[in-house]
Amino acid sequence: MSYDYLVVGAGLFGSTFAYEAAKRGKRVKVIDKRKHIAGNIYTEKVDGINVHKYGAHIFHTNDKKIWDYVNQFVEFNRYTNSPVANYKGEIYNLPFNMNTFNKLWGVVTPAEAKQKIEQQKAAVNVENPKNLEEQAISLIGTDIYEKLIKGYTEKQWGRKATDLPNFIIKRLPVRFTYDNNYFNDKYQGIPVGGYTQIVEKMLDNELIDVELEKDFFENKNEYLKSFPKIVYTGMIDQFFNYQFGTLEYRSLSFENIKLNEENYQGNAVVNYTDAETPYTRIIEHKHFEFGTQPTTIITKEYPKKWFEGDEPYYPMNDKKNNEMFSKYHQLAKESPNVIFGGRLGLYKYYDMHQVIGAALTVVNQEFQ
Ligand code: FAD
Ligand code: UDP
């Protein structure tokens, strides 16, 4: 059979592309080296609970078009992410908001909270924040930095906060209202019945063939010869034989534990923000879908150094790696028959809505 496209990676980027291409009558072959489709958004039903196998995933977007787009595949519930932080047994609301400030300092009004933060900033003098530590202190002062950010961040990234880029902490809202919603976006939720079905539906087309446990690099030259066009969502540096060096990632390991109790921690996500606890967070999956099962499944998420062959979860988007990526990106632009996309293909800390948006942009360019 002759195909129009080979899509490497059955994650959200590759599957969105495959779905849109097939809708336009193109024949698509999708390969993935894993045993399952859906990439990092894969969920698996265990004891009636949808387990997020590669870490907690909460869908959120401000873009109505993206929201409508995902809703054509699945219904979303009204879950609102409100993680809590556990710092040595003290519990604080996240993201940083009036509930957090009240618990920490006893302040009641936004003016009091702002005054407290200004005092702490003034003592440290961070006019133009040059790294994550300075950025965090300039946003919310030293107390929150010390209790809720420093330990978590340095575990998560395996580096001093003074050696990390500012943008990472800007992901989190700082609010002077009593609002524990982790995101500012208009739309948010969890697919009723898990994420995998989104990708199942995207790939359910007679023009799409899926082959699992197939690594592109086992047959790279053959694939390049026999497919007119390739959409590649694996690691960009690997595609180019690491010729400019190896891009760094941060990896994770997940410890899944089944417990014979109904409700272990009372929330879907609890962050452990001290430096000593070896994991960053515990996920209790049933709470994403308001589950009432008699037992529960929790996952401890341990950050770890990435070595070649490990799962590359987070790109380390610092200056050195971004510069190396630019060189690979230039080569990518000179390879007109290969489209690079997704978290790994573009080496970007993309969320799901951004991956879908980026895939749809590529689709528009490709089929204009
Ligand atoms: P992936 O899902 O990684 O898919 C790439 C696929 O390519 C994989 O299946 C891989 O096996 C395959 N592949 C790679 N190389 C090869 C090869 N050589 N041959 C064959 N196949 C190959 N986003 C949110 O919006 N909200 C969240 O709450 C959220 N939480 C997250 C939590 C964690 C712990 C992580 C790691 C990510 C989180 N994300 C979240 C981000 C989200 O997972 C990504 O935006 C999205 O899954 C990226 O899709 P992708 O297709 O680019 O990559
Ligand atoms: N972060 C933190 N304390 C927390 C939660 C997050 O310091 O309790 C920091 C940490 O550096 C993290 C970043 O904020 O990497 C972004 O957090 P987010 O929850 O968006 O991380 P992700 O879900 O992408 O791992």
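Indexing begins at 1, ligand by ligand and atom by atom, following the structure's order. Here, residue 1 is the first one in the sequence, and each next residue gets the next number.
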Per atom 48 (C) of ligand 1, closest listed option by heavy atom (Val355, Val8, Asp351, Ile356): Val355

For the residue pair Tyr187 and Trp67, categorise the inter-ring angle as parallel (less than 30°), tilted (30 to 60°) or perpendicular (more than 60°). parallel

Under 4.0 Å between a Lys/Arg side-chain N and an Asp/Glu carboxylate O for Glu248 and Lys320? yes

Checking side-chain contact (heavy atoms from CB on, under 4.5 Å) for the pair Phe96/Leu94: CA distance, chi angles, key distance, verdict? CA-CA 5 Å; Phe96 314 119; Leu94 293 172; 3.6 Å; yes

Looking only at non-hydrogen atoms, the one of Thr16, Asp215, Ile283 nearest atom 17 (C) of ligand 1 is Asp215

Protein residue, atom and distance nearest to atom 47 (O) of ligand 1, heavy-atom basis: Ile41 CG2, 3.5 Å

Considering the heavy atoms of Lys214, write down every atom of ligand 1 situated less than 4.0 Å from one of them. 19 (N), 20 (C)

Under a 4.0 Å heavy-atom cut-off, what residues line ligand 2? Leu94, Leu148, Ile149, Tyr152, Thr153, Gln156, Trp157, Ile168, Ile169, Arg171, Leu172, Tyr182, Asn271, Thr273, Arg281, Tyr314, Tyr349

Looking only at distances, can you tell me whether any N or O atom of Leu12, backbone or side chain, sits closer than 3.5 Å to an N or O atom of ligand 1? yes

Enclosure of Asp68 CG (heavy-atom neighbours >12, cutoff 6.0 Å): yes

For atom 1 (P) of ligand 1, what's the nearest protein heavy atom and its distance? Asn40 N, 4.0 Å

Once you round to the nearest 0.5 Å, how far does CD of Glu127 lie from NZ of Lys121? 8.0 Å

Before giving the answer on salt bridge (charged side-chain N to carboxylate O under 4.0 Å, His left out), spell out for Glu133 and Lys160 the whole-Å C-alpha distance, their side-chain angles and the decisive distance to 0.1 Å. CA-CA 9 Å; Glu133 175 172 296; Lys160 293 270 164 232; over 6 Å; no

In terms of atom number and element, which parts of ligand 1 are under 4.0 angstrom from non-hydrogen atoms of Gly9? 6 (C), 7 (O), 12 (C)

Could you check which of Asp32, Ile58, Thr61 puts a non-hydrogen atom nearest to atom 27 (C) of ligand 1? Ile58

State, with a plain yes or no, whether a side-chain heavy atom of Ile190 is found less than 4.5 Å away from one of Ile58. yes

Please tell me whether Arg175 and Asn184 have a donor and an acceptor in their side chains that are separated by less than 3.5 angstrom. yes

Aromatic rings Tyr279 and Tyr272: how do their planes relate, parallel, tilted or perpendicular, breaks at 30° and 60°? perpendicular

Basic-acidic side-chain contact under 4.0 Å: Lys116, Glu112: no

Taking only heavy atoms of Phe217 into account, list the atoms of ligand 1 that are under 4.0 Å away from them. 18 (N)

Heavy-atom contacts under 4.0 Å between Asn81 and ligand 1: side chain, backbone, both, or neither? neither

Counting from 1 in the order shown, the ligand 1 atoms closer than 4.0 Å to a non-hydrogen atom of Gly342 are 52 (O)

Fit a plane to each ring of His36 and Tyr42, take the angle between them on a 0 to 90° scale, and name the class: parallel (under 30°), tilted (30 to 60°) or perpendicular (over 60°). parallel

Taking distance alone, with no angle check, do Met352 and ligand 1 share an N/O pair under 3.5 Å? yes

Is it true that Lys147 and Asp143 have a side-chain N and a carboxylate O under 4.0 angstrom from each other? no

Check ligand 1 against Gly234 and write out every atom of the ligand that is under 4.0 Å from a heavy-atom position of the residue. 14 (C), 15 (N)

Contact with ligand 1 for Tyr42, non-hydrogen, under 4.0 angstrom: no

As a test of the contact definition, would atom 9 (O) of ligand 1 count as having a protein heavy-atom neighbour under 4.0 Å? yes

Report the nearest protein non-hydrogen atom to atom 44 (C) of ligand 1: residue, atom name, distance rounded to 0.1 Å. Tyr350 O, 3.7 Å

Are Ile356 and Phe76 connected in the hydrophobic side-chain network, where two residues link if heavy atoms are under 4.5 Å apart? yes

Please could you name the atoms of ligand 1 that Phe13 approaches to less than 4.0 Å, counting only its heavy atoms? 51 (O)

heavy-atom search around atom 21 (N) of ligand 1 in the protein gives Lys33 N, 3.1 Å

If the contact criterion is a heavy-atom separation under 4.0 Å, does Met235 count as touching ligand 1? no

Can you tell me which residue and heavy atom of the protein come closest to atom 40 (C) of ligand 1, and the distance to 0.1 Å? His57 CD2, 3.5 Å

Identify the protein heavy atom lying closest to atom 19 (N) of ligand 1, giving its residue, its atom name and the separation to 0.1 Å. Phe216 N, 3.0 Å

Could you pull out, from Ala56, Ala359, Gly55, the option with a heavy atom nearest to atom 30 (N) of ligand 1? Ala56

How close does the nearest protein non-hydrogen atom get to atom 37 (C) of ligand 1, and which residue and atom is it? Arg343 NH1, 3.3 Å

Distance from atom 5 (C) of ligand 1 to nearest protein heavy atom, with residue and atom: Thr233 OG1, 3.7 Å

Sub-4.5 Å side-chain heavy-atom contact between Gln293 and Asp47: no

Is it the case that Asp318 and Asn321 place a side-chain donor and acceptor less than 3.5 Å from each other? yes

Ignoring hydrogens and angles, state whether a donor on the side chain of Asn256 or Thr299 is under 3.5 Å from an acceptor on the partner side chain. yes

For the residue pair Asn86 and Gln265, confirm or rule out a side-chain donor-acceptor distance under 3.5 Å. no

Under 3.5 Å, which donor-acceptor pairs link side chains of residues 229-240 to any protein atom two or more places apart or in another chain?
unit_1, atom_1, unit_2, atom_2, d
Lys229, NZ, Glu366, OE1, 3.0
Lys229, NZ, Glu366, OE2, 3.0
Tyr232, OH, Met235, N, 3.2
Tyr232, OH, Met235, O, 2.8
Thr233, OG1, Val8, O, 2.7
Asp237, OD2, Leu247, N, 2.8

List ligand 1 atoms under 4.0 Å from Tyr314, heavy atoms only on the residue side. 33 (C), 34 (C)

Donor-acceptor side-chain pairing of Asn181 and Asp179 below 3.5 angstrom: no

Under 4.0 Å from a heavy atom of Tyr54: give me the atoms of ligand 1 that qualify, with their elements. 33 (C), 34 (C)

